[in-house]
Protein chains: 2
Amino acid sequence: MATDPDRPGFLLPLLLLAGFRTLIDDLHAELARQGHPELRPLHGFVLQAVGAGGTTATGLGQRLGISKQAAGKTVDRLVALGYLERADDPHDARRKLVRMTPRGHDGLHRSAVVFDQLRQRWADTLGADRVAALEDDLRAVTPANWFRLDVPGWFGG
Amino acid sequence: MATDPDRPGFLLPLLLLAGFRTLIDDLHAELARQGHPELRPLHGFVLQAVGAGGTTATGLGQRLGISKQAAGKTVDRLVALGYLERADDPHDARRKLVRMTPRGHDGLHRSAVVFDQLRQRWADTLGADRVAALEDDLRAVTPANWFRLDVPGWFGG
DNA sequence: TCCGAATCGTAAACCTGGTTGTCGAACATG
DNA sequence: CATGTTCGACAACCAGGTTTACGATTCGGA
């Protein structure tokens, strides 16, 4: 099968990146409007990964697929911003539990609402079936472990 | 229209990011195999933006949507790696032309080939029509200026 | 023609989000 | 009880971006 010169391969990653950044930028702008101007684009995913039950820096790193040191630094920033808090683990003095503060819960909840609204906006433009197809297709070509689906907590845990 | 709890909105950006990073990681791995191990994921886009005719740091920044300083630093690195070279503009002593070296051309060409192959792989899995639909849909929901389409050189210039 | 304004490249300082290496403290196990 | 592993933290570093500033050069209008 010949390569279509009208659809060079590098368009695909560019469009994926553009779609991602469009969503993130829109989310960011809306969250700033709703009282969370200091919430950086990636912080929502971090809060998502911390989850309602809390976690540790090492566990967070595993869920996000980054080193525990990087996770720890991100936790530092979110603690400074008031979205997370650290607490000692009574059963293991080495561990420090990382939990969301009320402000963290608020930010995460608002993120989820805004993301749903943005997805709805796409569905209004494209049709709900095409958005769903887009999700299904991306899932099909993406390694399953990309989201650490094996780790409970990411989705409807 | 109610929000489908099985398709939370935050899945969409996550899947877009996963798709992007999957493509970039695969490209990167293949380029390393083909003699360009030091080519970082974003460098391909930079070479693409420099184009066959060359450009300047400021022009590059405009095409990439970043500051001229950031563009200049990226050029520094690619010059150090042997992909780009700087030359004086005979008509304007302020400007420094940025051009691809033969190695730069080679890297860019191989990037394009690999991206085409990766797109073909997606088409084998999903069907060519769904890949095309994916591209069309993303184009429809992405601000047109995201790619600096107004600036000649990005596409088939 | 000359002088002020705009442009180009570069530098410095800083931020975010990562990395690797190291290390002490605390746990787990033979 | 000695050894090995795990956890969190610290340091040094890197890539990629920002804003601010500035010297050199070019442009354009009085």
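Just so it is clear: chains get the letters A, B, ... in the order the sequence lines come, proteins before strands, and each one is counted from 1. In what follows, every heavy atom counts, from backbone to side chain, and hydrogens, waters and symmetry copies are set aside.
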Exercise. Expressed in angstrom and rounded to an integer, what is the separation of A:Leu64 atom CG from C:dT19 atom C1'?
Worked result: 15 Å
Seminar exercise, completed: chain A reaches DNA chain D, atoms under 4.0 Å from its heavy atoms, from D:dT6 to D:dC10
Problem set entry | Side-chain H-bond candidate by donor/acceptor type, A:Asp116 with A:Gln120, under 3.5 Å | no
For this session: Scan B:Ala93 against the nucleic acid and name what it touches under 4.0 Å (heavy atoms): base, sugar-phosphate only, or nothing.
Result: sugar-phosphate
For this session: Using atom types as modelled and distance alone, determine if a side-chain donor or acceptor of A:Arg63 lies under 3.5 Å from a backbone N or O of A:Ala49.
Result: yes
Problem set entry | Nucleotide C:dT20, atom C1' - distance to CD1 of A:Ile66 in whole Å | 14 Å
For this session: Quick one: closest heavy-atom pair of A:Ala133 and B:Arg130, and the distance?
Result: CB-NH2, 3.3 Å
For this session: Look at the side chain of B:Arg95 and the backbone N and O of B:Asp89, then say whether any donor-acceptor pair between them is shorter than 3.5 Å.
Result: no
Check the interface with nucleotides 9-12 of chain C: list each N/O to N/O pair with the protein under 3.5 Å, or write none.
| unit_1 | atom_1 | unit_2 | atom_2 | d |
| --- | --- | --- | --- | --- |
| C:dG9 | OP1 | B:Lys96 | N | 3.0 |
| C:dG9 | OP1 | B:Lys96 | O | 3.2 |
| C:dG9 | OP2 | B:Thr58 | N | 3.0 |
| C:dG9 | OP2 | B:Thr58 | OG1 | 2.8 |
| C:dG9 | N7 | B:Lys68 | NZ | 2.9 |
| C:dG9 | O6 | B:Lys68 | NZ | 3.0 |
| C:dT10 | OP1 | B:Lys96 | NZ | 3.3 |
| C:dT10 | OP2 | B:Arg86 | NH1 | 3.0 |
| C:dT10 | O4 | B:Gln69 | NE2 | 3.3 |
| C:dA11 | N6 | B:Gln69 | NE2 | 3.4 |

Problem set entry | Donor-acceptor contact present, side-chain B:Thr22 to main-chain A:Thr142, <3.5 Å | no
For this session: Check whether any side-chain heavy atom of B:Val141 sits under 4.5 Å from a side-chain heavy atom of A:Leu23, and report yes or no.
Result: no
For this session: First locate atom NE2 of A:His43, then atom CG of A:Leu108, and finally report the distance between them rounded to the nearest 0.5 Å.
Result: 13.5 Å
Problem set entry | Earlier contact from the 5' end, DNA chain C, for B:Lys73 and A:Leu42 | B:Lys73
Problem set entry | Heavy-atom side-chain proximity of A:Val46 to A:Tyr83 below 4.5 angstrom | no
For this session: Starting from P on C:dT16, measure out to CD on A:Glu38 and report it in whole angstrom.
Result: 12 Å
